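Each chain gets a letter, A, B and so on, in the order its sequence line appears, and its residues count up from 1. Just the heavy atoms: all of them, side chains too, but no hydrogens, waters or symmetry mates, feed the values below. It should be emphasised that the depicted structure is a prediction, and the values quoted were computed from it without experimental measurement.
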Amino acid sequence: MQLGNAAIGQYLPGSSLLHRADPRLKITTLAIFAVALFFVGGIAGLLVMGAGLLLALALARVPSRLIFRSSRPVLLLALITFCFQLFLHGGAQLGHLGPLTLYRDGARDGGFLALRLVLLVLSGITLSLTTPPVMLTDALGRLMAPLSQVRFPAYELALMMTIALRFIPALLAEADRIILAQAARGAGLGGGLTGRVRALLPVLIPLFILSFSNADELAQAMESRCYRGGRGRTQRRRLALGRVDALFALLALLLVGAGIVIGRKSGF
Amino acid sequence: MTTQTQPPIISLRQVIHRYPHSGQNAALAGLTLDIGPGEFVAVAGANGSGKSTLARLLNGLLLPAAGEVLVDGASTARAENLDRIRETVGMVFQNPDSQIVAGSVGDDIAFGLENLGLPPDEIERRLRAAAERFGVGELLEKEPHWLSGGQKQRTVLAGVVAMAPRVLVLDEPTSMLDPRSQLEFHDLVRSLWHAGTTVVYVTHLMEEVAVAPRMLALADGALAFDGAPRDFFTRDDLLKKTGLVPPLAMRLSRALAAAGGPQEPALTLEELVERVCA
Ligand SMILES: Nc1ncnc2c1ncn2[C@@H]1O[C@H](COP(=O)(O)OP(=O)(O)OP(=O)(O)O)[C@@H](O)[C@H]1O
Ligand SMILES: [Mg+2]
């Protein structure tokens, strides 16, 4: 059980437009894209948006194998959604598959729902594949910054995410170590669900204790380095929107616009 | 190298510290001492003698129950002094894993500089200079869990030194490192001292203590010795009281003296070689 090797934040370095665009813009675009998916009236529109997304991923040189691997869970969910509609929709029949009846409108609606689901997840995957996690949390903090006017702890929240990201690999490695240590002392990873839960508990408990003692030391180290909340703090990265961002925004808007218009016109 | 003419940069007056829920036992019982600017002071003592407590009192992470700690004349007990005190006194702890905050080496070195409110160009300039100086210049984009222990601790040191503290307090900074990294790290700290930084260095390695111009030895929260390491390691009563063991060179030279070799005790291996080959 190699937990430490699990990919956290599956960022893939590169220099494409998708990589270079401002992370704040990318997060905003993702939000718009996701909302727009629900305004697209037909499959044709979704297909246009999906094609645009895949084209962008191809230009960013993300291997299709990686895209497929990250979206496997949602593909399964999409398949279930599709079948559900296909077999249970009712109305005009398309044919029979053994004891099951296939419905024509079910195929259309199921395809539409499944595709929308896949695109929703794929757009999120695109963001995380082309943006370093550090930049993501940093950008989220900046996007939320205006909220600190109403006492929302925007900076602290972003820092929390940063620290969580920073410690997840260490904690997973620690879990590996504990599992090995306990296996060496004869603790088996017994079969069955209860067996597995029972085997995991002795791992989780030391892990929690470890992470809490870490937290205390971390707080002291942060305080020693003059940390006093977001107040009076500056940031290493100066983010400024440039020409690359204008191009990115234009293309993204065109894609979303095309999706909505075509979805409406085609009526399918 | 005590510079008595200048006012001390750190000054402890009758400092007592008690941890909550530890009854009447004081972790530190009435410490009084001065540290001048530019000094290198090694702090030694058995487990539980109060070294870490002393270190954490020096930048106001802990506050004395009685007495006071003055940093550059300002008391750590006054909350309004703490910002300035933490800018003056940089801290490095034992475990590098619990000191790295950010997701990359560069961002972590930047963390303290960002807290100081410096402009981005200045942050970038200082973080690159510090990273180069401590040999992590090539690793700026790397994630912390990717680094070796020695690289992590050098990242931590770079992050603290980039803030240009006048005093550096290190609490067993090399205890999680392998012997080679220990030597490298100790050399880095000494080079900072040569460049003018005041250093307070807590360590269990007597080889590191032996080369310090001044050492403090703690025993049960009290100051058992304050002076030159040579005077400490030749006193059996003090060794017994503090539970410390002299560095290997000293033990060898004593064994040699007992067997009729050179009588003058040696503190370091270099000295020992000199005595034996003279
Ligand atoms: N958080 C705490 N709460 C209660 N007691 C503590 C706490 N930290 C330390 N102590 C006690 O205070 C005394 C001094 O501890 P301190 O950590 O300063 O020793 P040390 O010299 O750094 O030891 P070591 O060599 O093990 O690091 C010890 O008796 C210890 O048990
Ligand atoms: Mg200690």
Side-chain angles (χ1 to χ4, degrees), chain A residues 3-9 11 13 131-138 141 155-156 158-174 176-177 210-240, chain B residues 52 55-56 58-62 82-124 126-128 140-141 143-146 152 156 159-160 162-163 165 168-169 171:
Chain A
L3 297 171
N5 292 342
I8 302 292
Y11 172 60
T131 321
V134 183
M135 298 283 262
L136 275 183
T137 54
D138 185 62
Y155 172 73
E156 280 72 13
L159 184 69
M160 247 169 59
M161 288 188 288
T162 308
I163 293 176
L165 276 176
R166 141 89 182 86
F167 277 97
I168 285 170
L171 284 178
L172 289 179
E174 199 56 48
D176 264 351
R177 209 183 54 70
L210 260 171
S211 54
F212 278 120
S213 69
N214 259 348
D216 192 37
E217 282 176 33
L218 183 70
Q220 290 199 349
M222 285 169 59
E223 236 182 283
S224 297
R225 286 211 268 164
C226 300
Y227 175 70
R228 51 206 150 198
R231 176 170 48 95
R233 202 172 186 277
T234 47
Q235 278 177 311
R236 172 189 179 195
R237 283 191 204 82
R238 210 197 307 257
L239 289 185
Chain B
S52 298
R56 282 164 176 74
L58 298 184
N59 79 341
L61 281 178
L62 294 177
L82 280 182
D83 283 354
R84 196 156 60 84
I85 286 172
R86 296 204 172 126
E87 283 176 40
T88 309
V89 182
M91 279 275 189
V92 176
F93 300 100
Q94 178 175 10
N95 185 355
D97 272 321
S98 53
Q99 299 173 75
I100 297 182
V101 186
S104 73
V105 170
D107 282 354
D108 191 71
I109 300 177
F111 178 75
L113 300 169
E114 293 175 330
N115 289 336
L116 292 181
L118 297 173
D121 326 324
E122 174 79 3
I123 291 179
E124 209 58 35
R126 285 217 217 171
L127 94 81
R128 281 179 195 280
L140 288 181
E141 304 304 321
E143 291 168 26
H145 62 96
W146 195 92
K152 280 184 201 167
V156 170
V160 173
M163 300 170 73
L168 201 54
V169 177
D171 188 0

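Here the CD atom belonging to A:Gln235 is positioned 6.0 Å from the CD atom belonging to B:Glu114, to the nearest 0.5 angstrom. In this structure, the separation between CD1 on A:Ile163 and CD1 on B:Ile100 is 12.5 Å, given to the nearest 0.5 Å.
Taking each heavy atom of A:Ser224 and B:Leu61 in turn, the nearest pair found is OG-CD1, 3.4 Å. The shortest heavy-atom contact between A:Arg236 and B:Pro120 is O-CB, 3.6 Å. Residues B:Ser98 and A:Ala221 share a closest heavy-atom pair of O-CB, 4.0 Å.
At distances below 3.5 Å, at least one donor-acceptor pair connects side-chain atoms of A:Thr234 with backbone N or O atoms of B:Leu118.
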Given side-chain contact (heavy atoms from CB on, under 4.5 Å), test B:Val101 with A:Leu159 step by step and report yes or no. CA-CA 9 Å; B:Val101 186; A:Leu159 184 69; 4.3 Å; yes

With side-chain contact (heavy atoms from CB on, under 4.5 Å) as the test, would you mind laying out the steps for B:Asn115 and A:Met222 before giving the verdict? CA-CA 10 Å; B:Asn115 289 336; A:Met222 285 169 59; over 6 Å; no

Residue pair B:Asn95, A:Glu217: steps toward the side-chain contact (heavy atoms from CB on, under 4.5 Å) verdict: CA-CA 9 Å; B:Asn95 185 355; A:Glu217 282 176 33; 3.8 Å; yes

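Contact annotation for B:Leu116: both backbone and side-chain heavy atoms come within less than 4.5 Å of a heavy atom of chain A. Looking at B:Phe111, the atoms closer than 4.5 Å to chain A (heavy atoms on both sides) sit in the backbone and in the side chain alike. Of the atoms belonging to B:Asp107, heavy atoms from both backbone and side chain fall under 4.5 Å from chain A. Of the two parts of B:Glu124, only the side chain, counted from C-beta on, holds a non-hydrogen atom closer than 4.5 Å to a non-hydrogen atom of chain A.
Interface remark: of the candidates B:Gly103, B:Gly60, B:Gly112, B:Gly117, B:Gly117 forms the most heavy-atom pairs closer than 4.5 Å to chain A.
For B:Asp108, the side-chain hydrogen bond (donor to acceptor under 3.5 Å, both in side chains) test picks out A:Arg225, with sequence neighbours left out.
Under a cut-off of 6.0 angstrom, the local environment of CD in B:Glu141 is sparse, with at most 12 non-hydrogen atoms contributed by other residues, nucleotides or ligands.
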